[in-house]
There are 2 protein chains.
Amino acid sequence: MSIRIYDVGMSLRMALLGLLSVSGPASGYDLTKLFESTINHAWQARHSQIYPELNKLAADGLVTVEEEGPRGRKTYTITEEGSRTIREWMLTTGPARSARDEKTLRAFLLPTLKPEEALEVLRETVRECEAKLAVLEEIERRPSRPRTAGFGRYALDLGLRHTRMMRDWAAETAEEIERASRS
Amino acid sequence: MSIRIYDVGMSLRMALLGLLSVSGPASGYDLTKLFESTINHAWQARHSQIYPELNKLAADGLVTVEEEGPRGRKTYTITEEGSRTIREWMLTTGPARSARDEKTLRAFLLPTLKPEEALEVLRETVRECEAKLAVLEEIERRPSRPRTAGFGRYALDLGLRHTRMMRDWAAETAEEIERASRS
DNA sequence: GATTGACATGTAAAACTCGACACGTCAACA
DNA sequence: TGTTGACGTGTCGAGTTTTACATGTCAATC
């Protein structure tokens, strides 16, 4: 086991430990789907990244394979050390946190377009946000499964706020551009 | 020049073309700093990634080196083809956009902590947001330099909204946890 | 004249991420 | 009985991103 000095690249690790911690024992397959259905807005990972990371996690003693089911299914459980590790990470306040959002990047690059084009992009953004909001609000209404109950609460709220913020920004910016181009 | 079929990995390319498009001719050094001071919240890139990408961009005819100054400075200018390329990219609506935010990830993993610990993390988040807001509001008040004037407008507004949203979420979630743990 | 710091560009190794390939199981339904 | 689709784990190659290394110029200040 190699000690990692820097925080970079710990995110996937911590996401997996966090999911295992809150949802209880799960397989790589379960975690891949959990990833998609919960923290997908904040972080993405394919199974091709998740399976190797789980093996590393097991090698480092942060998780254990307690049970092997049919179809080669391996059920991972977080260990004491794993819990300690994620707790420390969560309580560590670092100044530099990676943040990448192509949607926001496009918003920043809006001035590269002519006003009419920018307007159309913004209106499309509003439509996308509305569609996403509809999905999130539907999830909010639907009673959550017990396994992810506490987990999804804050995540969903943040997702809703983020999407509404984006929608409002796009709508108001569109209005502003429209006003400016009319005068 | 190889044609890229997928959109993935185009972000850095487009960010550079966008910066060159809005701010006018600039060197790799300028772009590195522009990156930091403008779209850093949406995308990050070190000079070790920017310099090679500029060379590729030049090889592909999307930018040209019009001028070589002292200290080996190379001033890049976006070409017609470069402008066409970013315009097409901006107008292309793809469903899958990469989004990674460690701050949000941590928010999602809050339920791994005990209520008192989560509370402390949330309060720290509020403090960080307040500090960031102070910086952004100061920038808002300060008259912008002509080179990034139009560019920074929307970016700054979105940054302010995002930070306020995060602050409000953290504050209200903290309140909620406090209420729940009191009862 | 020497030192410091901003300017300026680059490369190499390691780690991270994605899409594609690859293999195999089990249950349900036709 | 065959086929389909969800379950389930894994590897590989290519591209992206980071950290560290590497080199040198120019202006200002001591």
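Lettering follows sequence order; numbering is per chain, from 1.
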Side chains of [X] and [Y] in contact at under 4.5 Å (non-hydrogen atoms):
| X | Y | result |
| --- | --- | --- |
| B:R167 | B:T125 | no |
| A:P25 | A:L20 | no |
| A:E67 | A:T77 | no |
| B:Y76 | B:L17 | no |

Check: Just checking, is any N or O donor in the side chain of A:E81 or A:T79 under 3.5 Å from an acceptor N or O on the other one?
Finding: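 Short answer, no.
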Checklist line | Base D:dG10 paired with A:H47 side chain (donor-acceptor, <3.5 Å) | finding: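 Yes.
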Check: Quick one: does B:S48 reach the base of C:dG10 with a side-chain donor-acceptor pair under 3.5 Å?
Finding: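 Such a pair does not exist between side chain and base.
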Atom-pair distance ([atom1] on [X]; [atom2] on [N]), nearest Å:
| X | N | atom1 | atom2 | answer |
| --- | --- | --- | --- | --- |
| A:I50 | C:dT17 | CD1 | C1' | 12 Å |
| A:L34 | D:dC7 | CG | C1' | 15 Å |
| A:E67 | D:dT9 | CD | C1' | 16 Å |
| B:L54 | D:dT16 | CG | P | 15 Å |
| A:R13 | C:dT17 | CZ | P | 12 Å |
| A:L31 | D:dC7 | CG | P | 14 Å |
| A:D30 | D:dA6 | CG | C1' | 13 Å |
| A:K56 | D:dT9 | NZ | P | 18 Å |

Is there a side-chain contact between [X] and the phosphate of [N], meaning an N or O under 4.0 Å from OP1 or OP2?
| X | N | answer |
| --- | --- | --- |
| B:K33 | C:dC7 | yes |
| B:K74 | C:dG10 | yes |
| A:Q49 | C:dC18 | yes |
| A:Y51 | D:dT9 | yes |
| B:R100 | C:dC18 | yes |
| A:Q44 | C:dT17 | no |

Item checked: Residues in ring pair (Phe, Tyr, Trp, His ring centres under 6.0 Å) contact with B:H41, at least two apart in sequence or another chain ->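 Partners of B:H41 under the ring pair (Phe, Tyr, Trp, His ring centres under 6.0 Å) test: none.
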Margin query: So B:R46, base contact, sugar-phosphate only, or nothing? Heavy-atom distance under 4.0 Å.
Written below: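 Base: the residue B:R46, judged by heavy atoms under 4.0 Å, touches a nucleobase.
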Next item on the list: Answer yes or no: is there a donor N or O on one side and an acceptor on the other, between the side chain of B:D60 and the main chain of B:L62, under 3.5 Å?
Entry: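 Not a single qualifying donor-acceptor pair exists.
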Notebook entry, point to check: If the sugar-phosphate is the primed atoms plus P, OP1 and OP2 and the base is the rest, what is the B/S/- string for nucleotides 23-28 of chain D, using protein heavy atoms under 4.0 Å?
Noted result: --BS--
Notebook entry, point to check: For the side chain of A:R73, counting heavy atoms from C-beta on, which of C:dT9, D:dT17, D:dT9 is nearest?
Noted result: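 Selected nucleotide: D:dT9.
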Check: Of the non-hydrogen atoms in A:W169 and B:Y154, which two are nearest, and what is the gap between them?
Finding: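 Heavy atoms only, the tightest pair is NE1-O, 3.6 Å.
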Next item on the list: For residues B:L109 and A:I86, report the shortest heavy-atom separation together with the two atoms involved.
Entry: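 B:L109 and A:I86 have their closest heavy atoms at CD1-CD1, 4.3 Å.
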Item checked: Cation-pi, B:W89 ring and B:R13 (6.0 angstrom, 45 degrees) ->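 No cation-pi geometry.
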Report all interatomic pairs (protein N or O, nucleotide N or O of nucleotides 1-4 of chain D) with separations under 3.5 Å.
none

